[in-house]
S.K.: 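Okay, here's the structure, questions in a sec.
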Amino acid sequence: MKIRHDRPMPEQSYEVAAPLRLQLQSGETVAIPRWSLDGFSYPGAADILPRNGILVIPFQGVDIRFSIELAPSAQPGFLRFVGLSGRERETLALFYRSLLSGRMASTDDIITSLDTPVDLVPMEETEVERSAAIRGRIPRLLRILWNFILYVVLAFLVFGVMGGQIAALLDRIDVDRGRVVAPLVDHPAPAEAFVREIRVQPGDDVRVGDVLAVLGDPDLDDAVAVARQAVREAERALGRAEAALATLRAAMDAEGGTALPITARLAITARYQAEFFSDGDTAQMQRLWLSLRDLDPDVAPRFSPDRVIAERLAALIRDRRHALGDLRETLAHREGRRDAARVIALTDGTVHAVPVHPAQHVEEGHLMVQIEAPRPRLMLGWVTSEVADRVHLGQRVGITFANGAEILAVEGRITAVRAGPDPGQPNAFGQLVTIRAEGMDVAALRAIFPVDAPVDLIIHRDRLNGYTALASRVGATVRAWVTARLAP
């Protein structure tokens, strides 16, 4: 522990006549007749005064010794004590007070002075301290300027940076899991089949109704081929029956006078009877008809063999036409099923992805082609339900995206808000926010924002703008009032 002790100036203390001795480095001992707490007058007229030595204080037959440092003063021949320790100063002061008071110092006082832990520190400022304090001091004007700049910087840090951060926290709402979404239209496989042909590639522009991919089913292809063959055969059989009926009717036509003789007509009838009908005996039928003609010539023409065969051919043609219609309907149905195994574009746009390859087997509903509709890409994010009352349509949103080494920042507006779970945390229920970037067309959005790219979304509440506008109006009102009062 150090205690500062202020005492009267030693140079103003009285000199006392008491025997002190100074032992020099040469071993010579000099008696000091007069001394004070500040120093002593060196006896004799020496040219060189000592700078140190051992001071000897006699006490009841015992000498008290301690080393001292000396320094000359303005008074000729007077040496000042320099650097006395607390114990040395207290011991010397004890003898000094004893001499002034006329009382002998006790042994206890001597021991106490020698054992004192107090290191007295003078209160006055030394020359060394004064010079050290002045040395290197910056001029006052520069110090004022420096303090002003320091306070301005501190004010900027406190009220600018920290205040700006506090204002930003009050003005902004952070959106989690922001990402870019595109208006993609999925085109699934209509049925289980093999991919036979892919007619588009990513980046191709397509129109509604364009064939994107062709699927194939071997069983269905065989069924279509069988139905087509059956239709062709039915068409040929119908054609033959129609040609036979036409020939037979031409042979039977008596109105134009071109009817063939009965023998020729019977021959034609026999031919078509054998070709189209396997039942009945043509010769027996002809004999019966000739007998009927002999018995009743008026009724016999209605039952002539050529007329009977003509009526049967007409009925056969009607049956074959109905059968051909059924076969064609079957063929159309199978071809429709085969044509339905094609992937047709449902919208105009650009092919975004084709996640299949030829000869691949796909299940019904498997994604075949993705087409991006000609609409702007949007930003989708999620906010908690705690800010449900602070998010609404039309709010301004800051969009930040790292495009390589370049940081892009654009503004957008909220176009849709709907309740829903967090895509990354299905158990966390909140709001899905849809945002559209402003000032960018479809081509620019596609060029800058890739699909599913992460973006930083911040919703601005713009509350400070209202406060700023209010402050501006108040300031304008105050200025107008002051101007009106100061006007002459």
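All values derive from a computational prediction rather than experimental measurement.
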S.K.: For the pair Glu197 and Arg342, find out whether any cationic side-chain nitrogen is under 4.0 Å from an anionic carboxylate oxygen.
M.R.: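 Answer for the salt bridge query: no.
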
S.K.: Using side-chain contact (heavy atoms from CB on, under 4.5 Å), reason through Arg65 and Leu55 one step at a time and then give a plain yes or no.
M.R.: CA-CA 6 Å; Arg65 299 168 175 264; Leu55 185 64; over 6 Å; no

S.K.: Where do Val442 and Pro374 come nearest, in terms of heavy atoms and distance?
M.R.: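 Shortest heavy-atom separation between Val442 and Pro374 comes out as CG2-O, 4.4 Å.
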
S.K.: Considering only NZ, NE, NH1 and NH2 on the basic side and carboxylate oxygens on the acidic side, decide whether Glu235 and Arg328 come within less than 4.0 Å.
M.R.: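 Between Arg328 and Glu235 there is a salt bridge, with a charged N closer than 4.0 Å to a carboxylate O.
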
S.K.: Do Arg413 and Glu438 come within less than 4.5 Å of each other through their side chains, counting heavy atoms only?
M.R.: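 The answer is yes, as the side chains (C-beta and beyond) meet within the 4.5 Å cut-off.
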
S.K.: Decide if atom CZ of Arg236 counts as having more than 12 heavy atoms of other residues, nucleotides or ligands within a radius under 6.0 Å.
M.R.: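 Check passes, neighbour count above 12.
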
S.K.: Locate the shortest heavy-atom distance separating Leu380 from Thr434; write the atom from each residue and the value.
M.R.: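 Closest heavy-atom pair between Leu380 and Thr434: CD1-OG1, 3.6 Å.
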
S.K.: Tell me if the CD atom of Gln229 is crowded by more than 12 foreign heavy atoms within 6.0 Å.
M.R.: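 Result for CD/Gln229: enclosed.
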
S.K.: When you compare the side chain of Thr347 with that of Ile371, does any pair of heavy atoms fall below 4.5 Å?
M.R.: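 Side-chain contact under 4.5 Å: yes.
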
S.K.: Once rounded to the nearest 0.5 Å, what's the spacing between atom CZ of Arg446 and atom CG of Asp441?
M.R.: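 One finds 10.0 Å between CZ of Arg446 and CG of Asp441.
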
S.K.: Would you compute the distance between atom CD1 of Ile149 and atom CG of Leu142 and round it to the nearest 0.5 angstrom?
M.R.: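 Interatomic distance, Ile149 CD1 to Leu142 CG, rounded to 0.5 Å: 10.0 Å.
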
S.K.: With rounding to the nearest 0.5 angstrom, report the OG1 to CD distance, Thr350 to Glu372.
M.R.: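 Thr350 atom OG1 to Glu372 atom CD measures 6.5 Å (nearest 0.5 Å).
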
S.K.: Given side chains that start at C-beta, do those of Met379 and Val180 come closer than 4.5 Å, heavy atoms only?
M.R.: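 The answer is yes, as the side chains (C-beta and beyond) meet within the 4.5 Å cut-off.
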
S.K.: I'd like to know if the side chain of His392 and the backbone of Arg390 have a donor-acceptor N/O pair within less than 3.5 Å.
M.R.: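 Pair absent, no side-chain N/O of His392 close to backbone of Arg390.
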
S.K.: Should His187 and Leu212 count as side-chain neighbours, where that means a heavy-atom distance under 4.5 Å?
M.R.: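 His187 vs Leu212: side chains touch.
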
S.K.: Using a 4.5 Å cut-off on heavy atoms from C-beta on, say whether the side chain of Asn52 contacts that of Ser67.
M.R.: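 Side chain of Ser67 against side chain of Asn52, heavy atoms only: no contact under 4.5 Å found.
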
S.K.: Does atom CZ (Arg320) have a neighbourhood of more than 12 heavy atoms from anything else shown, all under 6.0 Å?
M.R.: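 Result for CZ/Arg320: enclosed.
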
S.K.: Do Val397 and Ile414 have side-chain heavy atoms sitting under 4.5 Å apart?
M.R.: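 Yes. Closest side-chain heavy atoms under 4.5 Å.
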
S.K.: Do the non-hydrogen side-chain atoms of Glu192 and Val362 ever get within less than 4.5 Å of each other?
M.R.: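 They are not in contact (no side-chain heavy atoms under 4.5 Å apart), so the answer is no.
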
S.K.: Applying side-chain contact (heavy atoms from CB on, under 4.5 Å), run through Val410 and Met440 and close with a yes or a no.
M.R.: CA-CA 9 Å; Val410 296; Met440 304 181 70; 4.1 Å; yes

S.K.: Nearest 0.5 angstrom please: Leu457 CG to Asp176 CG, how far?
M.R.: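 So the CG of Leu457 and the CG of Asp176 are separated by 9.5 Å.
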
S.K.: Indicate the ring-plane relationship of Phe194 and His361, choosing parallel, tilted or perpendicular according to the 30° and 60° boundaries.
M.R.: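 Perpendicular.
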
S.K.: To the nearest 0.5 Å, what is the distance between CD1 on Ile144 and CZ on Phe148?
M.R.: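 Nearest 0.5 Å value for the CD1-CZ distance: 11.5 Å.
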
S.K.: Where do Leu445 and Pro376 come nearest, in terms of heavy atoms and distance?
M.R.: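 The answer is CD1-CB, 3.5 Å.
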
S.K.: For the CZ atom of Arg232 and the CG atom of Leu324, what is their distance to the nearest 0.5 Å?
M.R.: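 Output value for this atom pair is 12.5 Å.
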
S.K.: Quick one, Ile68 with Ile54, criterion side-chain contact (heavy atoms from CB on, under 4.5 Å). Give me CA distance, side-chain angles, the key distance, then yes/no.
M.R.: CA-CA 6 Å; Ile68 59 172; Ile54 298 176; over 6 Å; no

S.K.: May I ask you to say whether Arg179 pairs ionically with Asp452, meaning some side-chain N is under 4.0 Å from a carboxylate O?
M.R.: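 The answer is no: the pair does not qualify as a salt bridge.
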
S.K.: Between the main-chain N or O of Gly430 and the side-chain N or O of Thr384, is there a donor-acceptor pair closer than 3.5 Å?
M.R.: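 Side chain of Thr384 to backbone of Gly430, a donor-acceptor pair under 3.5 Å: no, none is there.
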
S.K.: Of all heavy-atom pairs between Ile198 and Val356, which one has the smallest distance, and what is that distance?
M.R.: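 Between these two residues, the closest heavy atoms are CD1-O, 3.4 Å.
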
S.K.: How close do Arg377 and Pro450 get, heavy atom to heavy atom, and via which atoms?
M.R.: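 Distance-wise, the nearest heavy atoms are NH1-CA, 3.7 Å.
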
S.K.: Please name the pair of heavy atoms, one in Pro202 and one in Ala353, separated by the smallest distance, quoted to 0.1 Å.
M.R.: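 So the minimum-distance heavy-atom pair works out to CG-CA, 4.5 Å.
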
S.K.: With the side chain counted from C-beta on, respond yes when Leu408 and Thr400 share a heavy-atom pair under 4.5 Å apart, and no when they do not.
M.R.: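 The answer is no; the side chains never approach within 4.5 Å.
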
S.K.: With distance as the sole test, does Asp348 use its side chain to make a donor-acceptor pair with the main-chain N or O of Val208 at under 3.5 Å?
M.R.: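 Looks like yes, one N/O pair under 3.5 Å.
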
S.K.: Quick one: do Thr415 and Ile435 satisfy side-chain contact (heavy atoms from CB on, under 4.5 Å)? Show the steps, please.
M.R.: CA-CA 6 Å; Thr415 59; Ile435 301 153; 6.0 Å; no

